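Please read all numbers here as calculations on a predicted model, not as lab measurements. Computed from heavy atoms alone, side chains included, the values below leave out hydrogens, waters and symmetry copies. The sequence lines fix the lettering, A, B, ..., with proteins before strands; numbering per chain opens at 1.
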Amino acid sequence: MIRVQEEDFDIGAELAALSAGDTSIGGVASFAGLVRDMAPIDGTVREITTMTLEHYPGMTEKKLVAIEAEANDRWPLAASLIIHRYGTLAPGDQIVLVACASVHRQAAFDACQFLMDWLKTDAPFWKLEDTDAGGVWVDTRDSDGKAKLRWANKPDPAS
Amino acid sequence: MIRVQEEDFDIGAELAALSAGDTSIGGVASFAGLVRDMAPIDGTVREITTMTLEHYPGMTEKKLVAIEAEANDRWPLAASLIIHRYGTLAPGDQIVLVACASVHRQAAFDACQFLMDWLKTDAPFWKLEDTDAGGVWVDTRDSDGKAKLRWANKPDPAS
Amino acid sequence: MKILYFAWMRQRIGASSEDIDLPDSVNTVDGLVDWLISRGDGYAQAFAKRGVIRAAVNQEYVQFDHAVANGDEIAFFPPVTGG
Amino acid sequence: MKILYFAWMRQRIGASSEDIDLPDSVNTVDGLVDWLISRGDGYAQAFAKRGVIRAAVNQEYVQFDHAVANGDEIAFFPPVTGG
């Protein structure tokens with residue numbers, strides 16, 4: 001399931017709902033992304049007062065559905081969840097939640113990382129950080145592109 | 001922080017407490033292990049009615065503290081948590097929760113997997129599954145030994 | 001044709017979307033960008049680093065040699081930074 | 001010396017722990033296992049596959065050539081299956 005929303009989410013309730021009623025599930029891997037209070041901007045670490053997430057309504061949902069389907073195609077998942085917020089957030093606020101439930105823990109972990117890597121490089125969201133030097137659009141990180149490349153090959157089903 | 005307990009735990013509350021008050025945290029990776037309703041036993045998949053976890057009080061806590069310290073030595077974690085239950089559980093019940101918070105998502109993911117791999121091979125817990133064929137002690141899985149081996153080398157600090 | 005702009009492209013152009021009538025001479029994303037740049041300084045600034053900009057046609061990522069036609073929804077934006 | 005048994009070793013031996021006086025002739029884990037086996041069938045069954053059993057001395061994993069002495073806490077158990 002995917003959701004794009006302005007409201008906050010309750011991780012405990014979301015994870016409970018994900019595995020509810022399916023006792024074949026052996027584990028749930030999850031990742032919650034939070035707004036950080038500091039960021040390096042043009043070589044200077046600056047304090048972040050708020051972060052505003054812009055997105056492309058329509059395309060965002062379409063891409064998230066496709067990414068989730070791809071993860072379910074690659075790994076034997078019992079359930080998966082992507083929640084991504086937009087709007088103005090403060091340091092410590094939750095931005096994103098990805099969770100994958102599977103019979104096997106490695107599949108749950110791998111699918112969860114795969115989804116996060118794809119979100120960073122392919123989901124149409126943009127972050128504007130408000131700092132004492134004004135509003136600064138977050139730049140793409142080289143490491144995110146590299147992180148995505150490791151999924152270029154499908155996983156070995158035997159592993 | 002580590003806890004070995006018979007009582008259930010509330011994932012939402014535990015994760016909230018882990019990152020509370022530290023807005024330098026960029027993400028929290030977690031894994032929750034659940035009791036499965038089926039297991040392959042001597043080549044036959046059998047239904048599990050209950051699972052009883054036995055452990056070595058004293059040594060368990062000592063090993064968990066050491067494993068958590070090792071993870072914090074290898075990755076720059078802002079906070080980490082291991083909760084492992086013992087006693088008699090039913091399918092769907094929570095067994096274990098591992099969570100790692102970090103400025104960087106890759107460190108959080110890697111440390112979380114590292115801790116799970118070590119728990120499977122080094123924490124003195126034993127699982128007894130009650131099935132229609134009687135009580136059966138869970139066997140070590142080859143894949144768990146292999147999963148642990150990938151951490152034989154410390155991570156490249158540059159990656 | 002509906003064109004959408006996001007993040008700093010939206011700010012430089014001063015609009016989040018606009019409806020235009022595509023000239024007959026324009027039939028690729030590249031051609032559309034050339035035509036938009038000719039419309040004013042805001043566009044010229046927004047598309048100055050053409051190599052870093054991503055385009056979507058009907059909500060799918062495309063290369064700049066991709067065809068465009070009236071009725072399409074085109075979006076231009078900087079590299080994404082979600083997650 | 002306190003000896004602890006877990007999981008199916010506990011079941012086969014029929015005790016989760018016992019306090020013993022270590023004979024002077026026993027000074028390694030291996031020697032202790034040999035001596036325990038000589039005490040009865042339950043022990044013999046529990047230690048039948050000596051290669052798979054793990055030992056801890058004072059709550060640290062050890063190899064079977066590790067020294068043991070009166071006052072130590074020794075534990076024997078099958079491979080662990082937590083997590």
*Is it the case that more than 12 heavy atoms not belonging to Gln5(A) sit under 6.0 Å from its CD atom?*
yes
_Take a 6.0 Å sphere around CG of Asp19(C) and say whether it holds more than 12 heavy atoms from other residues, nucleotides or ligands._
yes
_Greatest number of heavy atom pairs closer than 4.5 Å to chain C - which of Ile95(A), Leu119(A), Asp122(A)_ = Asp122(A)
*Search all heavy atoms of Met59(A) against all heavy atoms of Gln59(C) and return the closest pair with its distance.*
N-OE1, 3.3 Å
*Side chains of Phe6(C) and His55(A): closer than 4.5 Å at any heavy-atom pair?*
no
*Please check if atom CG in Asp24(C) has more than 12 non-hydrogen atoms from other residues, nucleotides or ligands closer than 6.0 Å.*
no
*asked:* More than 12 heavy atoms of other residues, nucleotides or ligands under 6.0 Å from CG of Asp41(C): yes or no?
replied: no
*Relative to chain C, which of Tyr56(A), Trp118(A), Phe125(A), Tyr86(A) shows the most heavy atom pairs under 4.5 Å?*
Tyr56(A)
*To the nearest 0.5 Å, what is the distance between CE (Met9(C)) and CH2 (Trp126(A))?*
10.5 Å
*Please name the pair of heavy atoms, one in Thr81(C) and one in Lys127(A), separated by the smallest distance, quoted to 0.1 Å.*
OG1-N, 3.0 Å
*Sort Lys120(A) into side chain, backbone, both or neither according to what part of it lies under 4.5 angstrom from a heavy atom of chain C.*
both
*Least distance between heavy atoms, Val80(C) atom then Thr140(A) atom*: O-OG1, 4.0 Å
*Can you tell which part of Asp144(A) gets under 4.5 Å to a heavy atom of chain C, answering side chain, backbone, both or neither?*
neither
*Where does Ala56(C) contact chain A at under 4.5 Å (heavy atoms): side chain, backbone, both or neither?*
side chain
*Can you see which heavy atom on Tyr5(C) is nearest to which on Glu54(A), and at what distance?*
O-OE2, 4.4 Å
*Mark yes when over 12 heavy atoms from residues, nucleotides or ligands other than Glu18(C) sit less than 6.0 Å from its CD; otherwise mark no.*
yes
*Counting only N and O atoms by type, is there a donor-acceptor contact under 3.5 Å from the side chain of His84(A) to the main-chain atoms of Gly83(C)?*
yes
